Amino acid sequence: MLKLIQPDDWHLHLRDGANMTSIVSATARCFARAIIMPNVKPPITTVAQALAYRQKICAVESRFNPLMTLYLTQDTSISDIIQVKNSEHVIALKYYPAGATTNSELGVKNLQQVWGIFEAMQQHDVPLLIHGEVTTAHIDIFDREKVFIHEILDPILTHFPKLRVVLEHITTQEAVDYVLHHNISATITAHHLLMNRNALFEGGLSPHHYCLPVLKREHHRQALLEAATSGNPKFFLGTDSAPHAQSDKESKCGCAGIYTAPAALALYAEAFEQVNALDKLEGFASFYGADFYQLPRNTQKITLEKSTWKMPLNFKFGHQKVIPFRAGTDIYWKQN
Ligand code: NCD
Ligand code: ZN
């Protein structure tokens, strides 16, 4: 049995409309707060839109505190940054390189055009959350994070040494090393702690294991596991739970995203247990993210019990279905 302060999810996709309504409770059951990604359609680019989106989430789950983000585009203005600075509920901006992932068409194409925005974010101490992959077609997909770190991230941090940055859902040894040696934090997903790239081809092509950044080799998974369980506060929990309708995943061009929310904390516990580090779970899941965002730590406690249950085969997703990670198979930890 594990008792820990209630955790928060520092990287979450809730979608919108009827889809959001059917999935928000899976996260609210476990997490007190979550950072809500802005890549809905159309994307959330203003504080007013973020607050309207937030109200819809709260109407479904009043006990849950969604922390909103703005999608950084070429049109983001200094005034947007100041509004975020002054907002209690909108707390960061998300940088998607154009074309890097789901609904990222409006992302940043030219770094120079957002340089002034970074300047304002540094000045007003507004966190920047980064999807760290280059999109250049000739770069091997397994190298896109590593190349991004050298070509894009490093110049940003060199020019803006005080900018508060989270490199989201890191997947490589190179990212771990970079975070360890620079003024930057990182989120790590449960699925990148539990799977390497073989899982994409287990007994055939597995669309439900496809996400971005794509799964990497085993030695990268080991590096992530070591970082997550190190007790270093630069690394904290962000599920990147990213539901898509079954038909969009199981298609001739299946989209990226893994739906882990229904068992998120249990999956992290499973990963931490693999390396006998359950004592490090609370810091990673419940303390370090709150500290980074300068928010109070939660005070409620939750209990996780070592008890096996079966993940349902699917969940309602608006008028469709979503297949969760580990559908129909055993989960080893259970939240009471
Ligand atoms: C995310 C989504 O579906 O919105 N997909 C994913 O594979 N992680 C977007 C993202 O975070 O890259
Ligand atoms: Zn994401």
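Not measured: the values here are computed from a predicted model. Remember, it's 1-based here, ligands and their atoms both numbered in the order they're listed.
When ring centroids are compared, Phe284 and Phe272 come within the 6.0 Å threshold. Taking the six-membered ring for Trp and the full ring otherwise, the centers of Tyr268 and Trp333 sit at least 6.0 Å from each other. For His191 and His209, the gap between ring centers reaches or exceeds 6.0 Å. Proximity of the aromatic rings of Phe292 and Trp10 is defined here by a centroid distance below 6.0 angstrom, and this criterion is not met.
Distance alone, capped at 3.5 Å, places no donor-acceptor pair between the Thr171 side chain and the Leu215 backbone. Side chain of Glu282 to backbone of Ile5: a donor-acceptor contact under 3.5 angstrom is found.
With waters left out, the protein N, O or S atoms under 2.8 Å from the Zn ion (ligand 2) add up to 3.
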Criterion salt bridge (Lys or Arg N to Asp or Glu O under 4.0 Å) on Lys94 and Glu168, from CA distance to verdict: CA-CA 10 Å; Lys94 178 69 190 276; Glu168 299 286 334; 5.7 Å; no

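Within 4.0 Å of ligand 1, protein heavy atoms come from His11, His13, Arg15, Asn39, Thr101, Thr102, His131, His169, Cys211, Leu212, Asp240, Ala242, His244, Ala256, Gly257.
Legend: residues meeting salt bridge (Lys or Arg N to Asp or Glu O under 4.0 Å) with Glu270, ordered by chain and number and at least two apart, are Arg326.
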Side-chain donor-acceptor contacts of residues 119-128 below 3.5 Å, not counting sequence neighbours, with atom names and distances?
unit_1	atom_1	unit_2	atom_2	d
Gln122	OE1	Lys162	N	2.9
Gln122	OE1	Leu163	N	3.3
Asp125	OD1	Arg164	NE	3.0

